[in-house]
Amino acid sequence: MDFESLSADLRSLQARALEEISAAVDPGALDALQIQYLGKKGDLTAVLRGIGALPADDRPRVGAIANEVGEAVKGALATRGTELRSQVQTIRLAAEKVDVTLPGRPVARGALHPIPETIEAIAEVFGQFGFVIHEGPEVEDDLTNFQMLNIAPDHPARDLWDTLYVDIPGYLLRTHTSPGQIRVMQSTRPPIRALLPGRCFRYEAVDASHGSEFFQVEGLMVDEGTSMADLKGLLDEFAHALFGPRKTRFRPGYYPFTEPSVAFDVECVVCGGVGCPACSKSGWMTILGAGMVHPVVLQYGGIDPERYQGFAFGMGVERIANLRHAVPDLRYYLENDLRFLEQFR
Ligand code: PHE
């Protein structure tokens, strides 16, 4: 082995390496070439093994050439690496191109169903008077749905609520939200201002104004000195907020759990009180039942009727929603027909 042949080997190694590097088509191939030429067991190292056989004078000269070759190969690897990475980048950019001038895809906007929308409108008014939302169970016990509301098992008033029972003895689907009154009184202390929205169930022959599944909003206020005047003032505010400045009136009513009991009427929102088919020519529309909480009911709620008085009211949400949106038939609310629901956007 002499200087001439060793340096020729180095030069030809360089030529081969540069050629292969410029022909490499991906970064992985470059990594392999780097190992092949510059690695510990690579070709350059192999050539340099011959250095030991040279005369001492020639060794530094070969070393200098070997360094040059190594630098040239390193440089070629780096240059080609940059080229390849920018090619990959260009291809990716082309593939992921986004045309920002295209019109956006429209987002289909939903809307609240008219029943929860109406419950929100009701809650908003009473919320301004400090009423807080509570909720009770839909599967209720007979005790809370009836007996603690002063309706004994054999009381004829049970006929007012055609009840759907469940398989568990003593349980039923609540026929109104009034059992919530008991639950609130048993779990909180006066002063109480509670609003109880919820789904109710009755065994009904279904028609345009009766459903076996419907919603009510119950209200309950209990405090010292609460009076019928407070009830009337509050309900007036409510009616005016929802239906504008219309006349209202109390009519005598009957519920076992309130005494006295009333029906609350608003001047017909369709004819303004003149009389029309919507109000059966009376000029009035009944929107809820109400009254002063019966002392027995306060007692079942754990509240001393000598110290506290209360009023309660209960309204059918479908009825109110019908009036707000001129819906003629409450069956629409549960049919989930988009042609109906889309009108409330
Ligand atoms: N719960 C009664 C009903 O369903 C309505 C009502 C509630 C009446 C509260 C008076 C007080 O008809």
Side-chain angles (χ1 to χ4, degrees), residues 115 119 122-123 126 129 131 133-138 140-152 155-164 172-185 192-204 209-223 226-228 230-232 234-235 238-239 248-266 285-298 300-301 303 305 308-321 330:
I115 294 300
I119 290 174
I122 295 167
F126 288 105
F129 293 93
F131 282 72
I133 300 223
H134 291 252
E135 271 175 358
E138 291 175 2
E140 187 51 280
D141 53 65
D142 190 281
L143 218 56
T144 319
N145 192 84
F146 286 127
Q147 297 175 48
M148 291 189 184
L149 290 169
N150 201 26
I151 311 167
H155 195 291
R158 288 222 176 189
D159 294 351
L160 291 173
W161 295 278
D162 292 305
T163 308
L164 290 160
L172 42 78
L173 298 182
R174 67 175 171 198
T175 56
H176 49 178
T177 42
S178 298
Q181 291 183 35
I182 301 291
R183 290 181 176 274
V184 169
M185 286 191 279
I192 293 171
R193 292 179 189 206
L195 205 65
L196 292 135
R199 196 187 295 263
C200 304
F201 307 85
R202 284 181 203 174
Y203 183 69
E204 293 273 0
S209 49
H210 299 85
S212 53
E213 206 183 323
F214 55 95
F215 287 81
Q216 286 191 339
V217 172
E218 188 90 6
L220 173 70
M221 168 152 175
V222 180
D223 202 350
T226 302
S227 77
M228 197 98 172
D230 299 323
L231 172 64
K232 191 158 200 302
L234 178 68
L235 293 182
F238 167 65
T248 62
R249 71 175 185 188
F250 272 177
R251 273 186 303 120
Y254 172 72
Y255 299 99
F257 37 91
T258 46
E259 180 59 38
S261 302
V262 296
F264 180 66
D265 296 352
V266 179
M285 284 178 157
T286 302
I287 62 168
L288 55 81
M292 300 306 292
V293 180
H294 196 292
V296 161
V297 176
L298 286 174
Y300 279 126
I303 288 171
Y308 292 104
Q309 296 73 43
F311 62 69
F313 54 88
M315 67 189 88
V317 178
E318 283 80 359
R319 187 82 215 282
I320 310 273
L330 56 73

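Everything numeric here is computed off the predicted structure, so don't read it as measured data. Indexing begins at 1, ligand by ligand and atom by atom, following the structure's order. FYI, the numbering just counts along the sequence from 1.
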Distances for all N or O pairs of ligand 1 and the protein under 3.5 Å?
residue, atom, partner, partner atom, Å
ligand 1, 1 (N), His176, ND1, 3.0
ligand 1, 1 (N), Ser178, OG, 2.8
ligand 1, 4 (O), Arg202, NH2, 3.0
ligand 1, 4 (O), Gln216, NE2, 3.0

By side-chain hydrogen bond (donor to acceptor under 3.5 Å, both in side chains), Gln216 pairs with (sequence neighbours left out) Thr177

Side-chain donor-acceptor pair present, Asp141, Thr144, cut-off under 3.5 Å: yes

side-chain hydrogen bond (donor to acceptor under 3.5 Å, both in side chains) filter on Gln147, not counting sequence neighbours, yields Asp142

Charged N to carboxylate O under 4.0 angstrom, Glu140 versus Arg183? yes

By salt bridge (charged side-chain N to carboxylate O under 4.0 Å, His left out), which residues pair with Glu213, not counting sequence neighbours? Arg199

Aromatic ring pairing Phe313/Phe131, orientation class (parallel under 30°, perpendicular over 60°, tilted between): tilted

